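Below: the structure, in structure tokens.
This structure is a prediction, so every number in the text was calculated from the model and none was measured.
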Amino acid sequence: MASLNDRTVAFVEARMTSEMAGLIERHGGIPYAAPVLQEIYLKDSPEVQQLVVDTCGGRIDAVTLLTGVGTQALVSTAANMGREEEFVAALDRLTVIARSPKPARVLRQHKIHIDVMPPEPYTTADLINSLQEWDLSGKVVALQHYGGPNRPLVAHLEERGAEVRQVTLYTWGLPEDEAPVLALIDDLAGGRIDAIAFTSQPQVGNLLTIAAKAGKEDALRTSLGARTAAGNSGRDAGAVVASVGPVCSRRLREAEIPVDVEPEHPHMGSMVLALAEYFG
């Protein structure tokens, strides 16, 4: 059976730290948590509240939900407005598009049907392909973003003739306490961490931002085998980089950080298992 064999695996996940630590321990590793982001909710924004009003009023034809956290935040906004039951019923009358099992899970918890969900690995391209047979011309499509706009998806919907109502339920801010992240960067540079796992693409930018503020970006990049400002690469040494899936891997490669491990299925459990198999 594949095992991490007491290797130290760092992770920068903020929301599911206990779950991630448990997975690493079950595969024989030593977890090292250093969250690099915090969710900043925008449930009270006029934009979000207006979407609830328009959905309840029948002025939305379809809704595209990209994250589970955002889907639940949308329902919570309706609840804070005293309109949860009305909003859930209204959603169930629309064309409901879920990008992955995470928003789908929240929808099922509220007994809301799902019309479209792409196959694994649930990328934007997979979602766009799943929408090909749907007539979107003249339809008002609400699109729930995660942290920032999904420009390819917006462009596709507009090209298909849809009127896109974009709404952001939360953004990714830097953690209030950056000390654990700075300690992580030092331990990576000191060779005290065997691998680092990324579970979402915003983690990449936040980690680099924190390192840059502290004057440690080149040290971080070298310890991850990335290209430094001086043009050097430390790929022959340093921590193994694991990515949960293609979206996260693309962001890492855009930052010129090489990806050593990416599981076939984009799940945390699959990633930790793939990492254990990598170490053999």
inquiry  = Between Gln49 (side chain only) and Ser45 (backbone N and O only), is there a donor and an acceptor less than 3.5 Å apart?
reply    = no
key: Glu178 side chain vs Val181 backbone, donor-acceptor pair below 3.5 Å   = no
ask   = With distance as the sole test, does Asp115 use its side chain to make a donor-acceptor pair with the main-chain N or O of Val96 at under 3.5 Å?
value = yes
ask   = Hey, quick one: are Tyr122 and Leu127 part of the same hydrophobic cluster, counting side-chain heavy atoms closer than 4.5 Å, chains of contacts allowed?
value = no
query = So which heavy atom on Glu217 is nearest to which on Ala212, and how close?
reply = OE1-CB, 3.6 Å
ask   = Are Val247 and Leu131 connected, step by step, through hydrophobic side chains (Ile, Leu, Val, Met, Phe, Trp, Tyr) whose heavy atoms are closer than 4.5 Å?
value = no
query = Donor-acceptor pair, Thr71 side chain versus Pro103 backbone, under 3.5 Å?
reply = no
message = Check this for me: does any side-chain nitrogen of one of Arg160 and Asp135 sit under 4.0 Å from a carboxylate oxygen of the other?
response = no
inquiry  = Using the rule given for side-chain contact (heavy atoms from CB on, under 4.5 Å), can you reason through Val241 versus Val261, listing the C-alpha separation, both sets of side-chain angles and the distance that settles it, and then say yes or no?
reply    = CA-CA 6 Å; Val241 177; Val261 176; over 6 Å; no
query = Short question: side chain of Ser270, backbone of Pro266 - any donor-acceptor pair under 3.5 Å?
reply = no
ask   = Would Glu163 and Asp61 satisfy side-chain contact (heavy atoms from CB on, under 4.5 Å), going step by step from the backbone distance to the final call?
value = CA-CA 10 Å; Glu163 177 187 336; Asp61 299 301; over 6 Å; no
key: Joint hydrophobic cluster, Ile40 plus Leu66, side-chain heavy atoms closer than 4.5 Å   = no
inquiry  = Between Val52 and Glu86, is there a side-chain heavy-atom distance shorter than 4.5 Å?
reply    = no
query = Short question: side chain of Asp186, backbone of Ala183 - any donor-acceptor pair under 3.5 Å?
reply = no
message = Is the shortest side-chain heavy-atom distance between Val141 and Ile60 below 4.5 Å?
response = no
query = Do the side chains of Thr199 and Met271 get nearer than 4.5 Å, heavy atoms only?
reply = yes
ask   = Given the rule that I, L, V, M, F, W and Y join up when any side-chain heavy atoms are under 4.5 Å apart, are Phe11 and Tyr278 in one cluster?
value = yes
ask   = Would you say the side chain of Leu37 lies within less than 4.5 Å of the side chain of Val12, judging by non-hydrogen atoms?
value = no
ask   = To the nearest 0.5 Å, how far apart are CG in Leu252 and CD in Gln203?
value = 9.0 Å
message = To the closest 0.5 Å, what do you measure between NZ (Lys213) and CG (Leu208)?
response = 13.0 Å
request  = Report yes if some heavy atom in the side chain of Leu136 is under 4.5 Å from a heavy atom in the side chain of Thr95; otherwise report no.
outcome  = no
message = For the residue pair Asn206 / Thr209, report whether a side-chain donor-acceptor contact shorter than 3.5 Å exists.
response = no
message = Hydrophobic cluster membership, with links at side-chain heavy-atom distances under 4.5 Å among I/L/V/M/F/W/Y: are Leu94 and Val48 in one?
response = yes
For Trp134 against Val116, the heavy-atom pair lying closest together = NE1-CG2, 3.2 Å
query = Taking Gln132 for the side chain and Ile128 for the main chain, is one N or O donor matched with an acceptor at less than 3.5 Å?
reply = yes
key: Salt-bridge present (Asp54, Arg59; N to O < 4.0 Å)   = yes
ask   = At their closest point, which heavy atom of Ala104 faces which heavy atom of Ala98, and how far apart are they?
value = N-CB, 4.1 Å
inquiry  = With a 4.0 Å cut-off on N to O distance, would you call Arg7 and Asp194 a salt bridge?
reply    = no
query = side chain to side chain donor-acceptor pair (under 3.5 Å) between Thr77 and Asn80: does it pass, once the steps are laid out?
reply = CA-CA 5 Å; Thr77 298; Asn80 292 341; 5.5 Å; no
task = Please tell me if the side chains of Lys102 and Gln72 come closer than 4.5 Å, counting only heavy atoms from C-beta onward.
result = no
query = Can you find a pair of side-chain heavy atoms, one from Leu188 and one from Ile196, that are under 4.5 Å apart?
reply = yes
ask   = Do Arg151 and Val154 have side-chain heavy atoms sitting under 4.5 Å apart?
value = no
query = With no hydrogens and no angle check, is any side-chain donor or acceptor of Arg165 less than 3.5 Å from a backbone partner on Gln144?
reply = no
query = How far does CD of Glu47 sit from CG of Leu169, to the nearest 0.5 angstrom?
reply = 8.5 Å
key: Spacing of Ile257 atom CD1 and Leu224 atom CG [to the nearest 0.5 Å]   = 5.5 Å
key: Polar side-chain atom of His113 near backbone of Arg108 as donor-acceptor pair, under 3.5 Å   = no
message = Show the nearest heavy-atom pair for residues Leu184 and Ala10, with the distance to one decimal.
response = CD1-CB, 3.5 Å
inquiry  = Between Val36 and Leu174, is the side-chain contact (heavy atoms from CB on, under 4.5 Å) condition met? List the steps.
reply    = CA-CA 6 Å; Val36 297; Leu174 296 176; over 6 Å; no
inquiry  = Parallel, tilted or perpendicular, judged at 30° and 60°: which one describes the rings of Tyr170 and Trp172?
reply    = perpendicular
message = Would you compute the distance between atom CG of Leu23 and atom CE of Met16 and round it to the nearest 0.5 angstrom?
response = 8.0 Å
request  = For the pair Glu262 and Ser249, evaluate side chain to side chain donor-acceptor pair (under 3.5 Å) and give the outcome as yes or no after the intermediate values.
outcome  = CA-CA 8 Å; Glu262 180 188 315; Ser249 294; 2.6 Å; yes
Stepwise side-chain contact (heavy atoms from CB on, under 4.5 Å) test for His27 and Glu277 = CA-CA 10 Å; His27 285 85; Glu277 291 172 345; over 6 Å; no
For Val240 against Leu275, the heavy-atom pair lying closest together = CG1-CD1, 3.9 Å
ask   = When rounded to the nearest 0.5 angstrom, what distance separates NZ in Lys216 from OG in Ser223?
value = 11.0 Å
Donor-acceptor contact below 3.5 Å, side chain His265 vs main chain Glu120 = no
query = Looking only at heavy atoms, what is the nearest atom pair of Arg221 and Ala255, with distance?
reply = NH1-O, 2.7 Å
